[in-house]
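Single-structure report; data block below.
Order of appearance sets the numbers: ligands from 1, and atoms from 1 within every ligand. Below, each value reflects all heavy atoms present in this structure, side chains not excepted, and no hydrogens, waters or symmetry copies.
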Amino acid sequence: MERYDLVVIGAGPGGYEAALEAAGLGLRTALIERRQLGGTCLNRGCIPTKALAHAAGLYAELSACGRFGLSAEQLRCDPAALAAYRQSTVETLRGGIALRLKQKKVDLFQGSGLVTAPHRVRVEPPQGGALELEAQNILVAAGAKPAVPPIPGAQLPGVMTSDELLEWGGPPFGTLLVIGGGVIGVEFASIYAALGSRVVILEALDGLLANLDRELGQSLKLLFKKRGVQVHTGARVEALEPAGEKGRLCCRYTEKGVPAECGADAVLLAVGRTPCGLGAFAPGVAPASEKGRLLVNSAFATSLPGVYAIGDAIGGAQLAHLATAQGLAVVRALAGKAPGLRLDVVPACVYTEPEIASVGLSADEAKARGLAVQSKKYPMSANGRSVLTGQERGFIKVVYDPAGRAVLGAQLMCARATDLVGEFGLAIANGLTVEQMAAAIRPHPTFSEGISEVLRSC
Ligand code: NAD
């Protein structure tokens with residue numbers, strides 16, 4: 001039986017980065033994956049959706065390029081070429097991961113990994129011929145899968161989760177109905193609206209992006225409205241049914257108690273993701289869990305000795321970069337090193353047009369915690385780069401401690417928000433004050449000048 005210092009189950013950004021780090025720190029490491037390298041993020045999540053978002057953004061920009069003195073006649077979306085671009089992006093990145101694993105001498109096993117006892121993992125390859133591995137430590141990074149809500153009709157043809165919608169690769173729909181106004185729902189709404197679909201969002205809560213600062217969801221709702229995306233909040237979906245016309249669907253729902261219905265050519269279910277960690281354990285050996293998520297302590301240890309779990313499998317914020325950071329922290333601790341990362345400062349990014357990003361506390365969260373904070377907002381309509389590139393309304397908001405002046409949080413909705421948020425993450429992770437952040441000269445003309453402006457107003 002092969003013996004390893006660390007066996008990692010799941011090769012998403014949590015698992016493969018942990019395996020690379022472990023091998024780099026001198027641990028003999030195995031990585032087990034039943035599907036493709038890269039996990040949800042690379043194959044069915046962040047990367048293919050952001051590739052689509054990039055193409056959709058270009059399409060929308062070129063469609064309206066007359067304002068820049070340009071004309072793009074006969075602009076059209078070729079669904080097959082779009083799918084090929086998306087796929088080649090994924091494959092390039094997948095090849096890069098395979099190369100890094102090989103260079104670091106991580107042993108990669110194709111198949112399902114199953115913890116059969118403490119320190120024991122069985123690999124079950126698709127072609128049969130299971131093998132047993134002995135592991136000093138085991139890291140479960142098994143991810144999550146799209147949740148399918150118990151709505152009558154959720155299994156009808158044309159009703160898809162994000163996995164199936166990405167696979168679909170057909171032309172933009174006539175009407176796409178999106179159930180769920182969280183991150184996945186609004187990202188796909190933004191993409192399909194830009195590609196010319198009619199989009200309707202039904203969200204059960206009273207706002208979009210309910211986990212983020214209220215103003216972000218409110219501003220996005222206004223922008224969507226301007227683009228013809230219908231947003232219904234406080235909407236309870238009752239049932240999905242086939243409609244009269246072939247292939248059409250009808251969704252019955254109540255909006256603030258009033259019955260309503262909506263026709264659609266396709267329906268996206270974007271109502272959250274279910275953790276997969278328990279599937280990595282043989283019956284009878286599963287560690288403590290709650291609603292399918294593995295329970296861990298502050299060191300990511302499960303209740304089973306020598307077994308750790310990270311990422312979507314443990315619930316919380318289901319973000320690729322957080323899973324990576326958690327995996328690095330576990331591996332560094334196993335090698336006797338400090339984590340070297342602030343696991344409590346986690347940027348959240350939404351790849352709509354314009355982008356949305358947030359890190360640290362919002363003013364409402366700070367108040368709920370009894371903290372006396374101040375927040376300042378800078379409208380990006382006053383930023384030169386935003387004006388010259390024809391951006392829509394947007395802002396950068398900073399939350400800070402008025403006494404000690406420490407930066408505590410930021411919320412952004414503007415071009416490149418997902419990159420700009422890194423400056424605030426850096427400041428919060430290192431306890432910088434407003435003045436320390438403001439000391440840096442930011443180049444002109446850039447979107448980042450908006451950061452200098454908001455800090456100047458504090
Ligand atoms: P989510 O939890 O962010 O949002 C789901 C939304 O669906 C909620 O607002 C909920 O109120 C609503 N909902 C649930 N049941 C409903 C119903 N029957 N009718 C109407 N609305 C209903 O989940 P998600 O958007 O599916 O995303 C899943 C996870 O993946 C999240 O943790 C998200 O952060 C992560 N993710 C992140 C990114 C990113 O970082 N850019 C991108 C995609 C996904």
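Near A270, with a cut-off below 4.0 Å to any heavy atom, the atoms of ligand 1 are 5 (C), 6 (C), 7 (O), 26 (O). The L202 neighbourhood of ligand 1 comprises atoms 20 (C), 21 (N), with distances under 4.0 Å to a heavy atom of that residue. Taking a cut-off of under 4.0 Å to the non-hydrogen atoms of V271, the atoms of ligand 1 that pass are 5 (C), 7 (O), 13 (N), 14 (C), 15 (N), 16 (C), 22 (C), 26 (O). For ligand 1, the atoms closer than 4.0 angstrom to any heavy atom of Y351 are 41 (N). Contact atoms of ligand 1 toward I179: 17 (C), 19 (N), 20 (C) (distance under 4.0 Å to a heavy atom of the residue). For ligand 1, the atoms sitting less than 4.0 Å from at least one non-hydrogen atom of R273 are 28 (C), 29 (C), 30 (O), numbered in the order shown with element in parentheses. Listed by number with element, the atoms of ligand 1 under 4.0 Å from a non-hydrogen atom of C349 are 39 (C), 40 (O), 41 (N). Within ligand 1, the atoms closer than 4.0 Å to a non-hydrogen atom of V183 are 3 (O), 25 (O), 34 (O), 37 (C), 38 (C), 39 (C), 41 (N), 42 (C), 43 (C), numbered from 1 in the order shown.
For the residue pair N43 / R94, a side-chain donor-acceptor distance below 3.5 Å is found, with atom types taken as modelled. Defined by atom type and a distance below 3.5 Å, a donor-acceptor pair is missing between the side-chain atoms of R442 and S448. No hydrogens or angles considered: nothing links the side chains of Y253 and E261 as a donor-acceptor pair under 3.5 Å. Of the N and O atoms on the side chains of E124 and S112, not one donor lies less than 3.5 Å from an acceptor on the other residue.
The local environment of CZ in R34 is sparse, with at most 12 non-hydrogen atoms from other residues, nucleotides or ligands closer than 6.0 Å. Other residues, nucleotides and ligands place more than 12 heavy atoms under 6.0 Å from the CZ atom of R332. Atom NE2 of H321 has more than 12 heavy atoms from other residues, nucleotides or ligands within 6.0 Å.
The one candidate from V421, L455, L412 that meets the side chain to side chain contact (heavy atoms under 4.5 Å, CB included) condition with I396 is L412.
The shortest separation from a heavy atom of G272 to ligand 1 is under 4.0 Å, placing the residue in contact. Distances shorter than 4.0 angstrom do not occur between any heavy atom of P149 and any atom of ligand 1.
When heavy-atom distances to ligand 1 are checked against a 4.0 Å cut-off, A204 comes that close through both its backbone and its side chain. Residue contacts with ligand 1, taken as heavy atom pairs separated by less than 4.0 Å, involve E187 solely via side-chain atoms from C-beta onward. Contacts between T49 and ligand 1 below 4.0 angstrom, taking non-hydrogen atoms only, are absent altogether.
Ion pair E449/R385 not flagged as a salt bridge, since none of the NZ, NE, NH1 or NH2 atoms sits closer than 4.0 Å to an Asp/Glu carboxylate oxygen.
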